[in-house]
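These notes are about the structure you will find just below.
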2 protein chains.
Amino acid sequence: MRTPRSADDVFAALADPTRRELLTAIGARGSATATALASDVPVTRQAIVKHLGVLDEAGLVSGQRHGREVRYAVRTQRLTEAARWLEARAAEWDARLERIKRLAEGG
Amino acid sequence: MRTPRSADDVFAALADPTRRELLTAIGARGSATATALASDVPVTRQAIVKHLGVLDEAGLVSGQRHGREVRYAVRTQRLTEAARWLEARAAEWDARLERIKRLAEGG
DNA sequence: TGTTTACGCAACCCTCGGGTTGCACGTACC
DNA sequence: GGTACGTGCAACCCGAGGGTTGCGTAAACA
């Protein structure tokens, strides 16, 4: 089975600790602007903007403009998709190993 | 909530497409050596060895020596742990957004 | 014993991306 | 209007790590 295109982005996005912190921070606030998040995470607003761009690209976050500010909220769909993907692989490989084990035992 | 130490390694390990391909390849074979995997993935055996090191460090794979070769198998536990982590976050944030939404609607 | 094969170690290259600073622009508010 | 604040854009720095080549070592087998 081919890894779906989005999995690349999602896992790559989740790979960075700062981005996971950002997701947590946004989740805790419900929604937040890049400037506000700068007080939650020890990096520059610009760095946060870049991270939000990556998260947005991965579909993990979505921003909406209100006047001069942009509020970001977490999108959970891709997250659960990624979780499902992991679980499916784990189950698949578990089953295969079990089969091999039974064969090896001369069943 | 603090991201558990292992999540760092797991997501970082899963971030690389080549490593996910390796996991898939190992899973498909049941178990495999670095040399064998070199024919599944378009990189050098040495690169694969490095990747297997990362996967091993993350607890996603475990190697066992048999004579002069080392066979690697997938370990699914960390995988399911990561899946659980994602699902928990998704559920948590979904609930919070739902609450906020109800409040905003003046409920 | 000689040859083949699988592995381990080390050095090296080079791109990618996380982080920064600096500044320009637009929107809110007085 | 002027001022303050939030964004957006661009250039730059620099370390991490994915990839390579080269070589040495040890096990399997004739």
Side-chain angles (χ1 to χ4, degrees), chain A residues 3 5-26 29-74 78, chain B residues 3 5-26 29-74 78:
Chain A
T3 298
R5 170 76 180 79
S6 62
D8 262 67
D9 300 338
V10 173
F11 286 125
L14 291 174
D16 188 83
T18 304
R19 278 195 290 266
R20 288 203 305 280
E21 268 189 67
L22 282 178
L23 281 179
T24 304
I26 298 173
R29 288 170 176 268
S31 73
T33 67
T35 304
L37 289 168
S39 64
D40 292 340
V41 163
V43 295
T44 312
R45 173 185 63 91
Q46 287 305 329
I48 293 177
V49 168
K50 285 191 190 178
H51 283 310
L52 288 175
V54 175
L55 290 170
D56 186 20
E57 196 74 15
L60 294 176
V61 118
S62 73
Q64 195 169 359
R65 178 148 221 140
H66 291 106
R68 67 175 166 177
E69 65 180 22
V70 182
R71 303 200 67 82
Y72 286 86
V74 178
R78 288 289 162 77
Chain B
T3 297
R5 170 75 180 80
S6 62
D8 262 67
D9 299 338
V10 173
F11 287 125
L14 290 174
D16 188 83
T18 303
R19 280 196 288 268
R20 288 203 305 280
E21 269 190 66
L22 282 179
L23 281 180
T24 304
I26 297 173
R29 288 170 176 266
S31 73
T33 67
T35 304
L37 289 167
S39 64
D40 292 341
V41 162
V43 295
T44 311
R45 173 185 64 91
Q46 287 305 328
I48 293 177
V49 169
K50 285 191 190 177
H51 283 309
L52 289 176
V54 175
L55 291 170
D56 186 20
E57 196 74 14
L60 294 177
V61 117
S62 74
Q64 196 169 359
R65 178 150 222 137
H66 290 107
R68 68 173 167 177
E69 65 180 21
V70 181
R71 303 200 67 82
Y72 286 86
V74 178
R78 288 288 162 76

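Letters go in sequence order (proteins before strands), and every chain restarts at 1. All heavy atoms count here, side chains included; hydrogens, waters and symmetry mates do not.
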message: Looking at D:dT7, I'd like to know if its phosphate oxygens (OP1 or OP2) sit under 4.0 Å from a side-chain N or O belonging to A:Thr33.
response: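 So the side chain of A:Thr33 is within the cut-off, an N or O lying under 4.0 Å from OP1 or OP2 of D:dT7.
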- request: Mind checking B:Arg71 for me? I need base, sugar-phosphate or nothing, with any heavy atom below 4.0 Å counting as a touch.
  value: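 If one applies the 4.0 Å heavy-atom cut-off, B:Arg71 turns out to touch nothing in the nucleic acid.
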query: At under 4.0 Å between heavy atoms, what does B:Val49 touch on the DNA or RNA strands: base, sugar-phosphate, or nothing?
result: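 Here B:Val49 touches no strand at all.
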For [X] and [N], what is the distance between atoms [atom1] and [atom2] respectively, to the nearest whole Å?
X: A:Leu37; N: C:dG19; atom1: CG; atom2: C1'; answer: 17 Å
X: A:Leu52; N: C:dG17; atom1: CG; atom2: C1'; answer: 16 Å
X: A:Asp8; N: C:dG17; atom1: CG; atom2: P; answer: 12 Å
X: A:Asp16; N: C:dG19; atom1: CG; atom2: C1'; answer: 11 Å
X: A:Leu14; N: C:dG18; atom1: CG; atom2: P; answer: 13 Å
X: A:Glu57; N: C:dG18; atom1: CD; atom2: P; answer: 13 Å
X: A:Glu69; N: D:dA4; atom1: CD; atom2: C1'; answer: 14 Å

message: Rounded at 0.5 Å granularity, tell me how far CZ in A:Arg45 sits from CG in A:Leu37.
response: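 Atom-to-atom, A:Arg45:CZ and A:Leu37:CG are 12.0 Å apart.
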- prompt: If you measure from CG on B:Asp8 to CG on A:Asp16, what distance do you get to the nearest 0.5 Å?
  reply: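 CG of A:Asp16 is found 9.0 Å from CG of B:Asp8.
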- prompt: Listed by chain and number, what are the side chain to side chain contact (heavy atoms under 4.5 Å, CB included) partners of A:Ala36, not counting sequence neighbours?
  reply: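 Per chain and number, A:Ala36 pairs via side chain to side chain contact (heavy atoms under 4.5 Å, CB included) with A:Arg29, A:Thr33.
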With a 3.5 Å cut-off and sequence neighbours excluded, list the donor-acceptor pairs that the side chains of residues 46-70 of chain A form with protein atoms.
residue : atom : partner : partner atom : Å
A:His51 : ND1  : A:Arg19 : NH1          : 3.2
A:Arg65 : NE   : A:Gly67 : O            : 3.2
A:Glu69 : OE2  : A:Arg71 : NH1          : 3.4

Hey, what are the protein-to-nucleotides 25-30 of chain D N/O distances that come in under 3.5 Å?
residue : atom : partner : partner atom : Å
D:dA27  : N3   : B:Arg68 : NH1          : 3.2

- request: Would you kindly compare A:His51 and A:Arg65 by the position of their nearest DNA chain C nucleotide and give the one closer to the 5′ end?
  value: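 That would be A:His51.
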message: Going by the rule ring-ring contact (aromatic ring centres under 6.0 Å, His included), which residues pair with A:Phe11 if we only count those two or more places apart in sequence or in a different chain?
response: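 Per chain and number, A:Phe11 pairs via ring-ring contact (aromatic ring centres under 6.0 Å, His included) with A:Trp85.
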Return the polar atom pairs (N/O with N/O) between nucleotides 20-24 of chain D and the protein under 3.5 Å, or none.
residue : atom : partner : partner atom : Å
D:dT20  : OP1  : B:Thr44 : OG1          : 3.4
D:dT20  : OP2  : B:Thr44 : N            : 2.6
D:dT20  : OP2  : B:Thr44 : OG1          : 2.4
D:dT20  : O5'  : B:Thr44 : OG1          : 3.0

query: Could you walk me through whether A:Val10 and A:Leu14 pass the side chain to side chain contact (heavy atoms under 4.5 Å, CB included) check?
result: CA-CA 6 Å; A:Val10 173; A:Leu14 291 174; 3.9 Å; yes
task: Give me the bend of the helix from C:dT1-D:dA30 to C:dC30-D:dG1, using the axes of the five pairs at each end, rounded to 10°.
output: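 The end-segment axes of the helix from C:dT1-D:dA30 to C:dC30-D:dG1 are tilted 30° relative to each other.
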